[in-house]
Amino acid sequence: MKEKVGIAIHGGAGTILKSRMTAEKETLYLNALREALNAGWNHLKSGGSSLDAVELAVRELEDNPHFNAGKGSVFTNEGKHEMDASIMDGKALKAGCVSMLSRVRNPVSLARKIMECSEFVYLSGKGAESFAKEMNLEFESEEYFFSEFRYRQLQDSMRENVIQLDHSERENEKKFGTVGAVALDMNGNLAAATSTGGMTNKKFGRIGDSAIIGAGTYANNKTCAVSCTGHGEYFIRGVTAYDLSALMEYKGMNIRTASAEVINKLSTLGGDGGLIAIDNDANIEMPFNSEGMYRASVSYKSDTLVAIYCD
Ligand code: ASP
């Protein structure tokens with residue numbers, strides 16, 4: 001096709017070791033990524049907007065129990081769920097962010113409603129859920145978000161007294177299961193969205209980078225759209241998503257050099273994780289400094305790629 005369109009998604013980064021992955025589990029993740037990618041891609045190909053495409057792709061992943069967002073969100077220290085999400089429109093530089101949600105089925109859609117139907121950018125907790133009700137968004141019961149596997153993770157983290165980034169199979173293993181999407185549509189508009197359950201055993205109302213514009217999510221038609229995953233505290237301190245855009249805008253770097261630079265900075269700070277980014281010619285970068293990152297991409301000039309490890 002000749003229209004410049006493209007999309008990339010992620011399902012989290014971290015210590016994802018091939019040696020510990022079963023063939024069934026691998027197929028399950030690859031299929032889930034492919035489905036979410038296609039949901040966004042089909043929309044873009046038929047002339048849909050990048051905002052719709054990222055929302056569609058993220059909603060698919062939020063509804064999948066294998067990712068740490070929406071249905072598959074991890075447990076807080078109190079055995080609850082506190083989900084964070086954000087979305088950004090690169091054309092108008094508009095954004096919507098939300099945190100501390102416990103019952104909203106698709107936090108990314110609430111972030112979008114905040115961006116488009118409220119006078120605010122960032123809502124949290126009970127207030128955000130009241131707004132979601134006004135917007136007629138879907139709510140789910142506590143059981144919907146319950147999974148035996150996630151509950152065991154919480155018990156393990158509490159026993160070891162650690163705040164865990166998604167699943168940890170061994171004491172020092174980290175795997176981040178946040179989800180995100182970035183896209184470019186036929187009108188040259190870029191958009192980015194990120195959604196997460198945060199960290200297992202988190203407390204005191206901890207909020208990560210996924211809900212923060214400039215840290216975990218950013219989009220600007222002049223430069224790129226970015227969604228991050230990893231140890232959120234480092235992405236907040238590094239202002240990672242905006243930093244990538246700023247390197248392109250002010251230093252004239254291309255997306256490849258700028259992405260590598262921000263991942264280097266992340267490593268220097270001591271953080272781990274990765275990001276997906278797309279520019280206004282649909283060049284896509286998906287760098288990470290962890291063992292793996294669940295990711296997929298496709299564009300008008302590149303075939304579908306679905307990958308987990310460094311290959
Ligand atoms: N960045 C997310 C957070 O810190 C975690 C993740 O990417 O899985 O909340």
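First listed ligand is number 1; within each ligand, the first listed atom is number 1.
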> Which atoms from ligand 1 have a heavy atom of Ser210 less than 4.0 Å away?
Replying inline: 1 (N), 2 (C)
> Does one hydrophobic cluster hold both Val306 and Val179, with members joined at side-chain heavy-atom distances below 4.5 Å?
Replying inline: yes
> Numbering the atoms of ligand 1 from 1, which are under 4.0 Å from a heavy atom of Gly177?
Replying inline: 8 (O)
> Mind checking whether Leu247 and Val262 have side chains closer than 4.5 Å, heavy atoms only?
Replying inline: yes
>> Whether Lys301 and Asp281 form a salt bridge (side-chain N of Lys/Arg under 4.0 Å from carboxylate O of Asp/Glu) is what I want to check.
In response: yes
>> Polar contacts were defined as any N/O atom of the residue lying under 3.5 Å from an N/O atom of the ligand; does this apply to Thr229 and ligand 1?
In response: yes
> Should the pair Phe145 and His81 be assigned to parallel (<30°), tilted (30 to 60°) or perpendicular (>60°) ring geometry?
Replying inline: tilted
> Taking side chain as C-beta onward, heavy atoms only, is Lys113 less than 4.5 Å from Leu137?
Replying inline: yes
> So is Cys228 polar-close to ligand 1, meaning N/O to N/O under 3.5 Å?
Replying inline: no
>> Any carboxylate oxygen within less than 4.0 angstrom of a Lys/Arg side-chain nitrogen, looking at Glu233 and Arg206?
In response: yes
>> In terms of relative ring orientation, are Phe67 and Tyr29 parallel, tilted or perpendicular, with 30° and 60° separating the classes?
In response: perpendicular
> Can you tell which of Arg206, Met199, His231 gets a heavy atom nearest to atom 3 (C) of ligand 1?
Replying inline: Arg206
> Does the N or O separation between Thr178 and ligand 1 drop below 3.5 Å for any pair?
Replying inline: yes
>> Between ligand 1 and Asp209, is the shortest N or O to N or O distance under 3.5 Å?
In response: yes
>> Quick check on contacts: which atoms of ligand 1 are under 4.0 angstrom from a heavy atom of Gly198?
In response: 9 (O)
> Among the heavy atoms of Gly216, does any lie under 4.0 Å from an atom of ligand 1?
Replying inline: no
